[in-house]
Engineer: 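Sharing a structure, written as structure tokens. Questions coming.
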Amino acid sequence: MEKTFQPSDIEQNWYNTWEEKGYFAPSGEGDSYCIMIPPPNVTGSLHMGHGFNNAIMDALIRYRRMQGRNTLWQPGTDHAGIATQMVVERQLAQQNITRHDLGRDKFLEKVWEWKEQSGGTITRQIRRLGSSVDWSRERFTMDEGLSNAVKEAFVQLYDDGLIYRGKRLVNWDPKLHTAISDLEVLSEEEKGSLWHFRYPLEDGSGHLVVATTRPETMLGDTAVAVHPEDERYQSLIGKQVRLPITGRLIPVIADTYVEKDFGSGCVKITPAHDFNDYEVGKRHNLPLINILDRDAKILSEFTVLTFEGYESQHGEKAPEAYAGMDRFEARKKIIAEFEDAGLLEKIDPHTLKVPRGDRSGVVIEPWLTDQWYVKASVLAKPAIEAVEDGRIQFVPKQYENMYFSWMRDIQDWCISRQLWWGHRIPAWYDNQGNVYVGRTDAEVREKYNLGADIALRQDDDVLDTWFSSALWTFSTLGWPNNTTELKTFHPTDVLVTGFDIIFFWVARMIMMTMHFMKDEQGQPQVPFKYVYVHGLVRDGEGQKMSKSKGNVLDPLDIVDGIELETLVQKRTTGLMQPQMAKKIEERTRKEFPEGIASYGTDALRFTFCSLASTGRDIKFDMGRVEGFRNFCNKIWNAARYVLMQCEGQDTGANNESVELTLADRWIISRLQHAEQEICRQLDQFRFDLAAQALYEFIWNEYCDWYLELSKPVLWDDTASAERKRGTRRTLVRVLETSLRLAHPFMPFITEEIWQRVAPLAGVKGDTIMLQPYPAPDAAKIDEQALGDIEWLKGVILAIRNIRGEMDISPAKPIPVLFRNGSAEDQRRAESNLAVLRSLAKLESMTWLGDEEPPMAATQLVGELEILVPMAGLIDKEAEVARLSKELDKIAKEVARVAGKLNNESFISKAPADVVEKEKAKLADASATEAKLKEQLDKIQAM
RNA sequence: AGGACUAUAGCUCAGUUGGUUAGAGCGCUACCUUGACAUGGUAGAGGUCCCCAGUUCGAAUCUGGGUAGUCCUACCA
């Protein structure tokens, strides 16, 4: 074995072996356990969030697989309608082609081509993380099976009256020419202005002032609103205003929506271009005037509609100068015109939230269009109940509130998108504009009794990507067919996801699943029983990682390492804002002056698990990764030691008789404790505590103590064969078990070592992956061994403390005297002579009787005094200082506990066992204090 | 504006139902290349548990009120 652990030597080989041998597929035996991977965007590549997500899911799935469950972890990607279409369109643009040049079918061919070539980046990367997903069942939302499921779901929902088509205001992306959902709109504060315009009153009695952040929409104003109780404007209500530029007459209305204190207290109402104004318009039955085209340019002829039926009533010519003008150009011109006409009262600087498309970055327009909607409120009801009654549990629980608050105020879900890449809506129109929904053209004709002579045209739009993702848990298992996979693995067990997509995905998945999936009693099935929600991975300074900030980390760069120059280049290419490059470079050079070292997958995964506590976000600390890389190395070297001691030796693999030492019985006992703790924590999703328990057991108990305790036995030429065999057997068995315990967290290193250790432990098998997960056995806990080794550790630590504080070379053997010990102390000392001598590096050990002890440095372990004679070793001043420090500490403790016990109400009100404990504490501390004091006096008297 | 979450060592974080001498890793100090490991060992320093009040015999932990930060939702045209 190499002297240090080299992860790159082993990781890919083991992954290939596991995958080739089919170890990731369900075993077909045992109770099922299923996790569906949240499908990453097919255009995407690995980021830290995926790394975190995968570390947790793989830990869960490997844990359950080893426990004998019939595990399915199913991978796949979604087709990411907008993102993918953008990627391909950008490529076409480089050849000066638009998708319209190609036409729909040709364009889709191009998209598929692109998907075949580069769509698999992220799945290849997931392999590097060691994720044990069943690749044979990989799914893609545009696959045939899933496409059928989407069609089926749409038709059924339509037939159930839960999908409708209607004209509504939507978030319109004028660059991408599609509707997008609320959740794809990011509103950030930006600096703008509040323009105060004078609108002249029709009766010539003057003007009123409206304030607006979007002057260009005034072309579509259909009213001015004031608060009904605003005294300033009572007389205006019901009057008419002559809208400048257009000359249109509009009423002054009263509505409580208006804030009296904001701006002028008068609000211009543009129902076709603002969500709030839309509601006001509806209440007052105002006309809606649409002034923008799909590019958000001013129409040459506005469309005027009413709320009744949304039918276009008539057109209205735009002021000529504005026709075809971009919205922001129009804004400038309108302001100028107001100014020229003396109607611009003032301009106040104003910060406002500007809605932008998360993909395109352009300002989103509320725009009136025909779209398809899902009646979410109906579907939400059972979905809320499932969480209320615990059929679905969120971990941590507080996310349930977030879920409820969203679900209880849910809006209908706009599912149509004006894109080409996606599932085309299974709806057809005749020439009269009647709509027919069915799975195919033929089905529609039959269902609606339409003759072959009637021309039908399919809806051009596609469905929101999340519509298909919402079906993910069951569509990927074969729905609408009633497959054995569905029967076996649905409902799935856990969904692991970031809190940011609870609304995006989780809620919709619950709604859809419960509508379509019923159990044998006809009751709705939930998609999963637990939703494990983890936080965002942030950079070391707590900043959100983003390409534009240039602080993203690729988990594989931590696995493989990366040179500084390469990292700088990676972070500064392909930026949306190239001017940021310089800043990003500086920052990167400062943060990683040496680049990033190679830490290996196991260390990275262990880090993620260690950070997976219940808090919201994770500040990623490279120091932790390094620490866990060292932990891997520690395991590696422990294994090296064990193999050096045991390979080719008698390890009792065939159940030969053995003698187990105190140390053997102790480490076996501690192992039971570790097993219990790790399972307990994993069962409640506390990956951090499980990882910590594992770390402590392996490093602080097995390596620090047990391996050291094994040396005096193995190096003792006089030790019996049974004794040596017992020690070797324990070394090997405990290591083999520890590897199994660690495997879900660190799959690669554990497999590599296990292959060599397992035979020595008499364990047969091709892979650690399919070995049973360790389970604690109370019968193996030896209380006496636990007590004795604790005592032994105390004595050794006491001696080491004297050594350290007195600056005695660790290489120098020292004599030690014991005094005043109990019979138990004597027994323990005598049965551990060799160990004490070896671990504390003793020259001699002597029990003192009643004789006067020599001048010595002293430590106490309970009643037992441990003395290191001063002659030639101990400096008086140093010992005085050390004792004074000890004494100080213990005096404080005595005072504290005594104070407690002197408190009458403590004695009378605290439970008896607590009082007893405090009394014992005081007795111990006082005795120690007295002894230390005596010792200090003696030394000072020298 | 409403809501949620967070505040513990220089840094990143644990701390179960109130009873600990408040812990870990990294970093820091001193010493040590001893036959698994310097990606190591040994010993150590380091804390007003954000502040104030309350409940209690007893509060990092429970309650109330502040302060600071993060996030979400709704937004003021």
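A, B, ... follow the sequence lines: proteins, then strands. Residue 1 opens every chain.
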Engineer: Measure the distance from CD1 on I802(A) to C1' on U42(B) and round it to the nearest whole Å.
Structural biologist: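 Atom CD1 in I802(A) sits about 14 Å away from atom C1' in U42(B).
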Engineer: Base, sugar-phosphate or nothing for L689(A)? Non-hydrogen atoms, less than 4.0 Å.
Structural biologist: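 Counting heavy atoms under 4.0 Å across all strands, the contact made by L689(A) is with sugar-phosphate only.
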Engineer: With heavy atoms under 4.0 Å as the rule, sort I269(A) into base, sugar-phosphate or nothing.
Structural biologist: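 Nothing, no heavy atom under 4.0 Å.
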Engineer: Determine whether R327(A) and E365(A) satisfy the following criterion, salt bridge (Lys or Arg N to Asp or Glu O under 4.0 Å), listing intermediate values before the conclusion.
Structural biologist: CA-CA 10 Å; R327(A) 52 185 163 162; E365(A) 279 299 332; 2.9 Å; yes
Engineer: Can you tell me which stems RNA chain B forms, taking runs of 3 or more consecutive Watson-Crick or G-U pairs with both distances under 3.5 Å?
Structural biologist: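 So the stems come out as B:1-7 with B:67-73, B:10-13 with B:23-26, B:28-32 with B:40-44, B:50-54 with B:62-66.
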Engineer: Return a table of donor-acceptor pairs under 3.5 angstrom between the side chains of residues 217-227 of chain A and protein atoms on other chains or two or more places apart.
Structural biologist:
{"residue": "T217(A)", "atom": "OG1", "partner": "R214(A)", "partner atom": "O", "Å": "2.8"}
{"residue": "T217(A)", "atom": "OG1", "partner": "K268(A)", "partner atom": "NZ", "Å": "2.7"}
{"residue": "D221(A)", "atom": "OD1", "partner": "K268(A)", "partner atom": "NZ", "Å": "3.0"}
{"residue": "D221(A)", "atom": "OD1", "partner": "T270(A)", "partner atom": "OG1", "Å": "2.7"}
{"residue": "D221(A)", "atom": "OD2", "partner": "Y199(A)", "partner atom": "OH", "Å": "2.7"}
{"residue": "T222(A)", "atom": "OG1", "partner": "P287(A)", "partner atom": "O", "Å": "3.1"}
{"residue": "H227(A)", "atom": "ND1", "partner": "E229(A)", "partner atom": "N", "Å": "3.1"}

Engineer: Using a cut-off of strictly less than 4.0 Å, decide whether K3(A) has a side-chain nitrogen or oxygen near OP1 or OP2 of U39(B).
Structural biologist: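 The answer is no; no side-chain N or O of K3(A) sits under 4.0 Å from OP1 or OP2.
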Engineer: Check every atom of U42(B), U39(B), A43(B) against the side chain of N801(A) and return the nucleotide holding the closest atom.
Structural biologist: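 That would be A43(B).
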Engineer: Base, sugar-phosphate, or nothing: which does A638(A) touch, judged by heavy atoms less than 4.0 Å apart?
Structural biologist: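 Base, at least one base heavy atom under 4.0 Å.
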Engineer: Using a heavy-atom cut-off of 4.0 Å across all strands, would you classify R538(A) as base, sugar-phosphate, or nothing?
Structural biologist: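 Sugar-phosphate contact only.
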Engineer: Please evaluate the base of A36(B) for a donor-acceptor partner in the side chain of E708(A) within a cut-off of under 3.5 Å?
Structural biologist: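 In this structure, the two groups form a donor-acceptor pair.
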Engineer: Of all the nucleotides listed (C13(B), C57(B), U39(B)), which has the minimum atom distance to the side chain of K619(A)?
Structural biologist: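 Nearest to the side-chain atoms of K619(A), counting from C-beta on, is C13(B).
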Engineer: What is the distance from CD1 of I749(A) to C1' of C37(B), rounded to the nearest Å?
Structural biologist: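 Interatomic distance, CD1 of I749(A) to C1' of C37(B): 12 Å.
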Engineer: Assess whether one donor atom and one acceptor atom, taken from the side chain of R800(A) and the base of U42(B), lie less than 3.5 Å apart.
Structural biologist: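 Donor-acceptor pair under 3.5 Å: no.
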Engineer: Once rounded to the nearest 0.5 Å, what's the spacing between atom CH2 of W195(A) and atom CD1 of I347(A)?
Structural biologist: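 If we round to the nearest 0.5 Å, W195(A):CH2 and I347(A):CD1 are 7.0 Å apart.
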Engineer: Using a cut-off of 4.0 Å on non-hydrogen atoms, how would the nucleic acid contact of K544(A) be classed: base, sugar-phosphate, or nothing?
Structural biologist: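 Nothing, no nucleic acid heavy atom in range.
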Engineer: Tell me, which pairs form a side chain to side chain donor-acceptor pair (under 3.5 Å) where one or both residues lie in residues 911-920 of chain A, sequence neighbours left out?
Structural biologist: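 Every pair satisfying side chain to side chain donor-acceptor pair (under 3.5 Å) with a residue in residues 911-920 of chain A: E918(A)-K921(A).
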Engineer: In Å and rounded to the nearest 0.5 Å, what is the SG to OH distance from C703(A) to Y641(A)?
Structural biologist: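 The distance works out to 11.0 Å.
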Engineer: For N401(A), which contact category applies under a 4.0 Å heavy-atom criterion: base, sugar-phosphate, or nothing?
Structural biologist: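 Nothing, no heavy atom under 4.0 Å.
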Engineer: Which is true for R882(A) with a 4.0 Å heavy-atom rule: it touches a base, it touches only sugar-phosphate, or it touches nothing?
Structural biologist: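 The residue R882(A) makes no contact with any strand.
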Engineer: Heavy atoms from C-beta onward define the side chain here; which of G44(B), U12(B), A36(B) lies closest to that of E805(A)?
Structural biologist: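 Shortest atom-to-atom distance from the side chain points to G44(B).
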Engineer: Taking atom C1' of A74(B) as reference, at what distance in whole Å does atom CH2 of W406(A) sit?
Structural biologist: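 Checked: the CH2 to C1' distance equals 15 Å.
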Engineer: Sequence neighbours excluded and cut-off under 3.5 Å, please list the side-chain donor-acceptor pairs for residues 796-804 of chain A, or say none.
Structural biologist:
{"residue": "N801(A)", "atom": "OD1", "partner": "Q859(A)", "partner atom": "NE2", "Å": "2.6"}
{"residue": "N801(A)", "atom": "OD1", "partner": "R882(A)", "partner atom": "NH1", "Å": "3.4"}
{"residue": "R803(A)", "atom": "NH1", "partner": "S809(A)", "partner atom": "O", "Å": "2.8"}
{"residue": "R803(A)", "atom": "NH1", "partner": "K812(A)", "partner atom": "O", "Å": "2.8"}
{"residue": "R803(A)", "atom": "NH2", "partner": "K812(A)", "partner atom": "O", "Å": "3.1"}
{"residue": "R803(A)", "atom": "NH2", "partner": "A840(A)", "partner atom": "O", "Å": "3.1"}
{"residue": "R803(A)", "atom": "NH2", "partner": "K841(A)", "partner atom": "O", "Å": "2.7"}

Engineer: Please list, pair by pair, any protein nitrogen or oxygen found under 3.5 Å from a nitrogen or oxygen in nucleotides 28-31 of chain B.
Structural biologist:
none

Engineer: Can you find a donor-acceptor N/O pair under 3.5 angstrom joining the side chain of K634(A) to the base of C37(B)?
Structural biologist: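 It does, because a donor-acceptor pair links the side chain of K634(A) to the base of C37(B) below 3.5 Å.
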Engineer: Just the table, please: protein N/O against nucleotides 21-26 of chain B N/O, every pair under 3.5 Å.
Structural biologist:
{"residue": "U21(B)", "atom": "OP1", "partner": "E893(A)", "partner atom": "OE2", "Å": "3.4"}
{"residue": "U21(B)", "atom": "OP1", "partner": "K921(A)", "partner atom": "NZ", "Å": "3.2"}
{"residue": "U21(B)", "atom": "OP2", "partner": "R896(A)", "partner atom": "NH2", "Å": "2.9"}
{"residue": "U21(B)", "atom": "OP2", "partner": "K921(A)", "partner atom": "NZ", "Å": "2.9"}
{"residue": "U21(B)", "atom": "O4'", "partner": "E893(A)", "partner atom": "OE1", "Å": "3.4"}

Engineer: Determine the contact category for W715(A): base if any of its heavy atoms lies under 4.0 Å from a base atom, sugar-phosphate if only primed atoms, P, OP1 or OP2 are that close, otherwise nothing.
Structural biologist: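 Base, at least one base heavy atom under 4.0 Å.
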Engineer: Begin with the C-alpha distance, continue with both residues' side-chain angles, and end with the deciding distance and a verdict on salt bridge (Lys or Arg N to Asp or Glu O under 4.0 Å) for D688(A) and R686(A).
Structural biologist: CA-CA 5 Å; D688(A) 58 331; R686(A) 285 303 302 267; 2.8 Å; yes
Engineer: Quick check for you: among A77(B), C57(B), A36(B), whose closest atom lies nearest to any side-chain atom of M644(A)?
Structural biologist: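 So the nucleotide nearest the side chain must be A36(B).
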Engineer: In whole Å, what is the span from the OH atom of Y257(A) to the P atom of A74(B)?
Structural biologist: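 Answer to the nearest Å: 15 Å.
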Engineer: Need one value for C703(A): base, sugar-phosphate or nothing, where a base atom within 4.0 Å counts as base even if backbone is also close, heavy atoms only.
Structural biologist: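 Base, at least one base atom sits under 4.0 Å.
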Engineer: May I ask you to verify if any side-chain N or O of S405(A) is less than 4.0 angstrom from the OP1 or OP2 atom of G3(B)?
Structural biologist: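 No.
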